[in-house]
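Each remark here refers to the structure printed beneath this line.
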Amino acid sequence: MQSIYLVGFMGSGKSNVAVALHQKLNKQLLDTDQMIVDTYGLTIPEIFQQKGEEIFREYETSVLKQTPIKEAIIATGGGIIEKAENREWLKENGKVIFLKTSWEEINRRLVDDQSRPIWNNQDRDKQQLLVERTPKYLEVADLIVETDGKDVHSIIEEIADKLG
Ligand code: S3P
């Protein structure tokens, strides 16, 4: 089996869906943000504060390319599709599932979130970011799953059905 890469905006449910798929399919579970934390010894907010977004993106590309391209379920960070290099790598190597979530639903889910540097940056227009990123998620996606109003269980059933 080709590894499954979950992509989508912050709050689209990538991590929860990855855990549920890992349990259902009994495959290794990885998370690119967690790999960055483990590799570089800093939390994601610390990396943004101390090194900046550009360095974070370099770390992200580096860990992406270290993920196993077979037999794993991999949750990615919401900005993984920003770099063309990452998009090419994902298209070439992964079975990519785009969790598509509306702006309204993302807001509902992340209303109390304090852990995401980009979400909590008041100078960033997050709604515009979602608009800009959406074609990039679509570019890499083998499968698109709308998540609004669905629980994790129905999302993984839909994925399992569509992957066949
Ligand atoms: C980011 C999303 C985060 C994390 C980092 C940057 C982004 O991951 O990689 O804070 O640029 O959208 P989640 O999508 O899991 O929140």
Side-chain angles (χ1 to χ4, degrees), residues 3-23 28-67 72-90 94-141 143-148 150-152 155-156 159:
S3 290
I4 294 175
Y5 291 80
L6 293 155
V7 305
F9 204 71
M10 294 171 273
S12 60
K14 302 176 296 278
S15 301
N16 290 339
V17 170
V19 169
L21 274 178
H22 146 77
Q23 288 164 350
Q28 184 187 4
L29 174 66
L30 287 165
D31 181 307
T32 56
D33 277 353
Q34 192 56 49
M35 290 172 76
I36 292 171
V37 172
D38 294 344
T39 306
Y40 299 98
L42 294 169
T43 65
I44 303 298
E46 283 169 349
I47 296 170
F48 272 78
Q49 271 161 24
Q50 296 175 23
K51 316 261 180 196
E53 183 174 350
E54 213 175 303
I55 299 289
F56 173 80
R57 297 293 169 209
E58 286 175 18
Y59 291 173
E60 193 170 45
T61 299
S62 167
V63 299
L64 174 65
K65 292 184 177 177
Q66 288 169 44
T67 56
I73 313 292
I74 298 143
T76 64
I80 199 112
I81 45 61
E82 291 284 9
K83 278 182 156 185
E85 180 183 354
N86 296 355
R87 296 199 297 277
E88 291 311 316
W89 193 93
L90 284 165
K95 192 86 187 159
V96 183
I97 302 177
F98 171 29
L99 298 182
K100 190 167 188 289
T101 308
S102 71
W103 173 244
E104 291 69 25
E105 178 88 19
I106 287 165
N107 267 281
R108 273 194 289 276
R109 294 183 192 170
L110 296 186
V111 68
D112 293 323
D113 180 83
Q114 312 265 313
S115 66
R116 293 171 167 89
I118 292 187
W119 184 256
N120 289 290
N121 183 342
Q122 304 310 318
D123 297 334
R124 297 287 291 262
D125 181 343
K126 274 76 73 178
Q127 188 167 10
Q128 178 60 26
L129 191 60
L130 175 63
V131 169
E132 285 167 10
R133 283 181 176 177
T134 297
K136 298 175 183 167
Y137 296 125
L138 290 169
E139 178 191 328
V140 297
L143 183 64
I144 302 160
V145 178
E146 309 248 359
T147 75
D148 282 24
K150 293 181 190 162
D151 62 17
V152 174
I155 291 170
I156 65 161
I159 291 172

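Counting begins at 1 with the first residue of the sequence. For ligands, and for the atoms within them, numbers begin at 1 and follow the listed sequence. Side-chain atoms are counted along with the backbone in the values below, which use heavy atoms only and exclude waters and symmetry mates.
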### Those residues that, when tested against K150, pass side-chain hydrogen bond (donor to acceptor under 3.5 Å, both in side chains) (two or more places apart)
E158

### Query
Nearest 0.5 Å, what's the CD-NZ distance between E88 and K83?
13.5 Å

### Message
For R57, is there an ion pair with E54 - N to carboxylate O distance below 4.0 angstrom?
### Response
no

### Message
My understanding is that only residues two or more places apart in sequence, or in another chain, count here; which of them pass salt bridge (charged side-chain N to carboxylate O under 4.0 Å, His left out) with K136?
### Response
E82

### Message
Can you classify the ring geometry of F9 versus W119 as parallel (below 30°), tilted (30 to 60°) or perpendicular (above 60°)?
### Response
perpendicular

### Query
Which of the atoms of ligand 1 are close to R57, meaning less than 4.0 Å from one of its heavy atoms?
7 (C), 11 (O)

#### Entry: Contacting atoms of ligand 1, where contact means under 4.0 angstrom from a heavy atom of I44
5 (C), 10 (O)

### Task
Could you tell me if any non-hydrogen atom of F56 lies under 4.0 Å from any atom of ligand 1?
yes

### Query
Does the pair R108 and E104 meet the rule for a salt bridge (charged side-chain N to carboxylate O under 4.0 Å, His left out), with working shown?
CA-CA 6 Å; R108 273 194 289 276; E104 291 69 25; over 6 Å; no

### Task
Please write down residue, atom name and distance for the protein heavy atom closest to atom 12 (O) of ligand 1.
R133 NH1, 2.7 Å

### Message
Which of the numbered atoms in ligand 1 are under 4.0 angstrom from any heavy atom belonging to P117?
### Response
10 (O)

### Query
For atom 16 (O) of ligand 1, what is the nearest protein heavy atom, given as residue, atom name and distance?
R116 NE, 2.6 Å

### Task
Return the residue, atom name and 0.1 Å-rounded distance of the protein heavy atom closest to atom 9 (O) of ligand 1.
D33 OD1, 2.8 Å

### Message
Regarding ligand 1, does K14 bring an N or O atom to under 3.5 Å of one of the ligand's N or O atoms?
### Response
yes

### Task
State, without any angle test, whether T147 and S12 hold a side-chain donor-acceptor pair at a distance under 3.5 Å.
no

### Message
One thing to verify: whether R124 and E53 come together as a salt bridge, which I'm taking to mean a side-chain N less than 4.0 angstrom from a carboxylate O.
### Response
yes

### Query
Is ligand 1 under 4.0 Å from a heavy atom in the side chain of R124, in the backbone, in both, or in neither?
neither

### Task
Could you establish whether E82 and ligand 1 come within less than 4.0 Å of each other, counting only heavy atoms on the residue side?
no

### Task
Ignoring angles and geometry beyond distance, decide whether G78 reaches within less than 3.5 Å of ligand 1 through its nitrogen or oxygen atoms.
yes

